[in-house]
Amino acid sequence: MKSAPKVYDHKKIESKWQKEWEKKGAFKAVTGSKKPKKYALSMFPYPSGAGLHVGHPRGYIANDVYARLMRTKGFNVLHPMGFDSFGLPAEQYAIKTGNNPKVFTDQLVKQYRKQLDIIGFGYDWSRQVATHRPEYYKWTQSIFLKLYGSWYNKAKDRAESIDDLVKILEKSGNGKVNAVCGADTKIVTGSEWKKMSELEKHNLLMKYRLAYEGESEVNWCPELGTVLANDEIVDGPNGTQVSERGGHLVEKKSLRQWFLRITAYADRLISGLDTIDWPSHIKEIQKNWIGRSEGVQVKFEIRRVNLSSVIPAEAGIQSENSNLDPRIREDDNAREGLSIEVFTTRVDTLFGVTYVVIAPEHELVKKLLDSVSNKKEVEKYIEEVKNKTAEDRTAENKEKTGVALKGVTAINPANGEEVPVWIADYVLASYGTGAVMAVPAHDDRDFAFAKKYRLEIKHVIAEDKVHNSGALKFRPNEPIVKRSVIRAVVKHWSEDKYLILNWKDHNWNTFISGGVENDEDLIESAKREVEEETGYMNLKFIREIGSPFKVKFYAPHKNQNREDIQQGLCFQLIDSEQKEVVEDEKTKHSFGWVEELKIKDTVEEGIIDSVLWKRIQSENFVSIDDGVLINSGKFDGLSSEEARKEITKAVGGKFVTKYKMRDAVFARQRYWGEPIPLIHEKDGTIKSLKEKDLPLELPNVKSYAPTGNAESPLSSVKSWVKAGYETNTMPGWAGSSWYFLRYMDPQNKKYLASEKALEYWGQVDMYVGGAEHATGHLLYSRFWNKFLHDLKIVPNEEPFKVLRNQGMILGADHRKMSKRWGNVVNPDDVVKTYGADTLRVFEMFIGPFDSQLPWSTDGIIGSRRFIEKVWKLQYKVVDKNNLPSNFLSLNHSGTNDSGGSRMAKILQGKYENTLHKTIKKVGEDIESFNFNTAISAMMICLNEMEKSEFVYKEDFEKFIQILYPFASHVTEEIWSLLGNKKIIQDSGWPKYDPKKLVNDTIKLMVQVNGKVRGELVVSGDIKEGEALELAKNSESVSKWLEVGEIIKVVFVPGRLINIVVKIGS
RNA sequence: GCCCGAGUGGUGUAAUUGGUAGCCACGCAAGACUUAAAAUUUUGUGGCCUUAUGGCCGUGCGGGUUCGACCCCCGCCUCGGGCACCA
C-alpha cells in the first residue's frame, strides 16, 4: 500500500479527480444500453447576473448523490444539466445597458458552468441544452405549431389534428362535435361551413385550436412593459399585486393574446396525479389551482314587472307555488330569451334561494337595463365596478357591495317562488355562468351579503346528528318518536352570562329545551319553556341560531328513542321578574347561570349545545355542511347527496364540471423570448411557418426596451412586420416545458428527439427542484407532455415519475438570501476554503432535504472535520493477511495474544455491526432522500472505527464506497491510495451482511408502571419469564416493586419489560 | 376566511412510526498539548434538587385513550406555505 500524504489537500484532490472523471467519460449516458436506466434530472437554472448562492446547489447535490449511487449500483444514468436562458433579467439588463442579451446570456452560461463545475457534479455535459439557442428553440417553435394545428376531441379524450376537424366540418358541421372550445363557438352545418369565407373558416377553427388567439384581460405591468402570468405575480404591500421579478405594480388590461388551451387537459392533469410519486402538498396545490368542481346548471326564469303589460304571455308564469312544467318555461325562454342560468354545487339548497345575483359585467344585465326602475343606480354601480382595480377588489374583500335590479325577479324552478335579482361584484363573470343562486342560510358569502342588505334567510338543510355513545346512545332498532324541539340560549338582562338547566337525576347541564306543542310558534314555545323551568317571564327574542339540527338519540328520562328537529333560538331577558317555579317531579330540573360555557363540564354529551354555543361566539350562523333537507316540499327528509340528484332531475338542470384554472396566456411583449412562428396574412387569416423553415430566428433590434404601448420591440423591426410575423414572443416557461425530452437526444437535427431515445429514457425517474414551480413549470410540463403523448411522440403521459423538492437555504439571519440583506454566501468561496466535498456533505447534513434552513457558517466546520477524520483513518488501516508487527502486542481487553485471528475478531467486533448497519442505512436513506440521517449514520460509524486501534482495509473500503456519493473526490483519492485501479463508480455498491446487523446482546429496558427503573444487558432472544426474574432480582428495580402486588407484565421482545404494580392494597 | 404542513436543549436536528426523548453535529465549559494562540485531542453539556448514589420535571398549551404517548383522538395557541369572493 502506498503511504498516504499527511495533509488533506482538497484543492489538489478535487481538481485531479474532476479531470480524471472527465477523461474517463465517467458520466456519459448511453442511449440504448442494456443496463437498466435511471433518468435523474434537476431543474435547470435561470442564469442571472447574481450568480449562484449556496442555496441553489442543494437540489443539484442531492440529485448528484442519487445519480452517483445509481451508477455505482450498475444503472445507466442520464444526469444532464442545461440553462433556462430566455427571460426577463437578461432582457432587463439589455435594456439598461443597451447590450445584446444574447451576448450577455452566453457569458452568464459560461460563468454558471464554471460555478457548477467546481462543486464536482457528475453531469453529462455533452448533452447540455440552452433554451435561447436557435437549434433548441427550433423545437419549442415546432411544438407550438403542433399545438396550433390541434384541437381537443372530448369524445376520445385526446388532442387530434385540426385537419381531422376540418374533414368533420365539411361532412356534417360541428353540431355533434364534442370538443373543448371557445364558449361562443358558432354551430354550423356541413353546407354552411362550405359556404363560409376563408376568414370565417379561419375564425371558427381558432375557437378549437389548442394554441389560439383571443382577447383577454391580462395582468399588465407598465414598468416592465409586458404582460405577466398569474404565477409571475405576487402580493405586494397594501393588497396590491406586483411582479415577482422587480416588484413592479400590476394592473388589468385587455389585450390581443395567444393562449394555450390547458383547460382541455384539466381532468387529466388531476387524475394523472394519482399515478406519480410527488410530495402530497405539490399535488394539493395543483389540484386547488385547477379547482375542479362538479355542480349543476339551473335555469331561473326572469320576470320583468314593468313589461308584463307589454308581453301578456308572461303574466301566466307568476302564479304562486305552482309546480311549473319546465317545457312551458323553455318555450317562454325561447320567445323572450330571458332566463338566467346559474351554476351551483349545492342544488340540494335550491329551496333556500332567496335572491339571485348576476355579475355586473354579465350580458344579461344590458338586456335587463331598460326594464329596471332604478336604471341610473345600476349603471352607476356598473361603472364603479369597472373602475375598480384589482387592489380595490381585494381590499374590499370583506365588505360586499351590490345593487338590486328593481322591477326584475327570478322564478325559482323548484317552487315557483319569485325572488329579487341583484348585481354584485362578488360574483365573477368569468367563472361558471356568471350568475349564482343565493342561499344565505348555507353559504358564507351569500350570508354576508344578505345580512348587509337585509335579505331573507331560509334554512333548508338540517345538520344530521346522532348520539352514538353514552346514555343518549340511539337505538336504531327501537320505535322512534319524532318531535319538533327548541333549544333556547337565554342571556342575563345585564351581565354576560346564560341560563343553564340542570337535570338532577342525570347530572346533565343543557340549555333550556323542550318539545313544541301543537300549533305553537317556536318562539312562543321557547318562552313557555323558559317560564316553566326558570320562572323568568319577560324575554326578548334576538335571533335564530343558524339552521336546525336533526338529532337522533335515546331519552333515558322518558325511555324514548327520539328523532328531533331542534332549532336553536337566542333570547335576552328584559328584567328579573320571575314567578315561583314548581319543581318538576319527574325530571327535577334546577337552573343556574353560566358565564363562560365550558361545554365539556356543563353540557352532557353536548353535541347540539356546543355547536349552538360556538355559533353564538363566532357569530357564524351559516351551516355549509351536507345534511337532511327541510322546508323543501316533497324532498324533505332526503340527504343532501340524494337531493342533488332528485332536484336536478325535477327542475331539468344539467350536471356540469367547472374549473378555476384558465387557459394560459402564451404571449409576452418582449424581445428576449422565442418568436412565435406564425404569419399574419393581409386577409386577416394566420398561416403557420413550415417545419422546414424553423427556427424562425430572433432578429436584431435597435432597442430592447418595451414600446410601452403593449407591443413587443419586434414591432419596430420593419422587415419583421412586413413579413407578417407575429410580434409577440413566447413566455419564459415555453422552453422549460419540454427540455427534459431534449436531453435524451440533444443533437438531433430531424426530431426533437429520436423515437429510440424517447422510448429508451421514457420519463424522468427522479426530478429535483424547488416547490415554487408547482403551478407554473410543473403544471405546464405535464400539459405539454400529455399533448405530445396524444400525438404519440412521447411514450408516457407523465413527464416526472418522482418529484422531490429542496427547501430553501436562508441566510444565517433566517432571512431569504439576497444582496439586500447582505447575507449571501457564495459557493465558490466555500469550495475555496473548505472544498467541494465539505460543501456537499454539509448541504446534505444541514437538515431534512425539504425543509427551509438557515445557513450556518459555524456548522460547516463539522463537515470539514468529518472529512479530515476520514482522511486520517487511512493511517489505521491494516491488511488482514499482512498484519503489522505491533498488532499482536497490543493488549486488547486483557486477552493474551494467543492468536492473530482471535485478536482480529475482537478488533473487528468493535465496529463491524455498526458498519453493516450503516451500509444498509446509507443506501436506503439516499433513495428516500433522507441525506441528513445517512451522514449522521456515517459519522457514528466513523467514530466507532476511530476508537479501534486498527481498521481492516476491506472494512475501510466499504466505508469509503458508501461515502462516495457525498464526498466524491476525497473518497476517490483514498480509494486509489488503497490500491484500487477502477474508480469507485465502477466497483459496485457494497453489500451488507444481514447476519451482522443483529447484536448478540441487547439492552432491555425495565419499566415499573411505565417509568424506566433499570436496564438489563441480556441476549437478544431472552424470553419473558427469564427477563422478569432478572428484573425482580435487580437492585434498582426491586425497590420499586415493593409498594404493591404485580398485576400485569408487558413484555416487548428485544426492547423492554414493563411491570405494572398495583399501589397500596 | 378556507385548505395543507410544522412546533423537541443555547442552535441545526434525531427517535426503529406506540416502547430508554435528545442520536449526530454546531456552540459552550473544563482538562491535555503549546512560551502563547490557533489547530488537534479528552471529558462534560435539557432543567431543577442532591457530595455522589439517586430523585422530580420535561417534546407549543389544555384534556383524553393506553401498562406505556414527541407519535393516536378531541379542543386551543403560534409559525410557515397555498388559495383568496371560483358559487
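Just so it is clear: chains get the letters A, B, ... in the order the sequence lines come, proteins before strands, and each one is counted from 1.
Remark: C1' of B:rG5 and CG of A:N805 are 13 Å apart, rounded to the nearest angstrom. In this entry the distance linking NZ of A:K287 with P of B:rG81 reads 23 Å, nearest Å. The interatomic distance linking A:K1011 (NZ) with B:rG19 (C1') rounds to 16 Å, in whole Å. B:rG18 atom C1' lies 13 Å from atom CG of A:N1058, rounded to whole Å. Separating the CG atom of A:L853 from the C1' atom of B:rG80 is a distance of 13 Å, rounded to the nearest angstrom. The distance from atom NZ of A:K869 to atom C1' of B:rC24 is 10 Å, rounded to the nearest whole Å. Spacing between atom CD of A:Q1007 and atom P of B:rG18 amounts to 16 Å, rounded to whole angstrom units. Taking atom CG of residue A:D443 and atom P of nucleotide B:rA87, one finds them 9 Å apart after rounding to whole Å.
When each of B:rC24, B:rC56, B:rC85 is scored by its nearest atom to the side-chain atoms of A:K400, the top-ranked nucleotide is B:rC85. Side-chain atoms of A:R865 lie closest to B:rG27 of the nucleotides B:rA21, B:rA87, B:rG27. Here the nucleotide nearest the side chain of A:D858, chosen from B:rC26, B:rC67, B:rG12, is B:rC26. Comparing B:rC24, B:rC67, B:rA87 by their nearest atom to the side chain of A:F845 picks out B:rC24. Comparing atom distances between the A:K1048 side chain and each of B:rG19, B:rC67, B:rA87 picks out B:rC67 as nearest. You'll find that the side chain of A:I861 is closest to B:rC26, out of B:rA25, B:rC26, B:rG55. The side chain of A:L428 lies closest to B:rA87, out of B:rC24, B:rG12, B:rA87. Which of B:rG12, B:rG19, B:rA14 sits closest to the side chain of A:N932 comes down to B:rA14. Closest approach to the A:W289 side chain among B:rC67, B:rC83, B:rC56 is made by B:rC83 (side chain taken as heavy atoms from C-beta onward). Of the candidates B:rC3, B:rA25, B:rA87, the closest approach to any side-chain atom of A:N943 belongs to B:rA25.
Using modelled atom types and a 3.5 Å distance limit, the side chains of A:T918 and A:Y911 yield no donor-acceptor pair. No hydrogens or angles considered: a donor-acceptor pair under 3.5 Å links the side chains of A:Y381 and A:T401.
With hydrogens and angles left out, the side chain of A:R1055 and the base of B:rU20 share no donor-acceptor pair within 3.5 Å.
When each of A:I1057, A:V1060, A:N1058 is tested with A:V1049 by the rule side-chain contact (heavy atoms from CB on, under 4.5 Å), just one qualifies, namely A:I1057.
A cation-pi contact, defined as under 6.0 Å to the ring centre and within 45° of the axis, links A:K658 to A:F343. Remark: A:K400 is positioned above the aromatic ring of A:Y426, its terminal NZ or CZ atom under 6.0 angstrom from the ring centre and at most 45 degrees off the axis.
Side-chain nitrogen and oxygen atoms of A:W1040 include at least one within less than 4.0 Å of the OP1 or OP2 phosphate oxygen of B:rG55.
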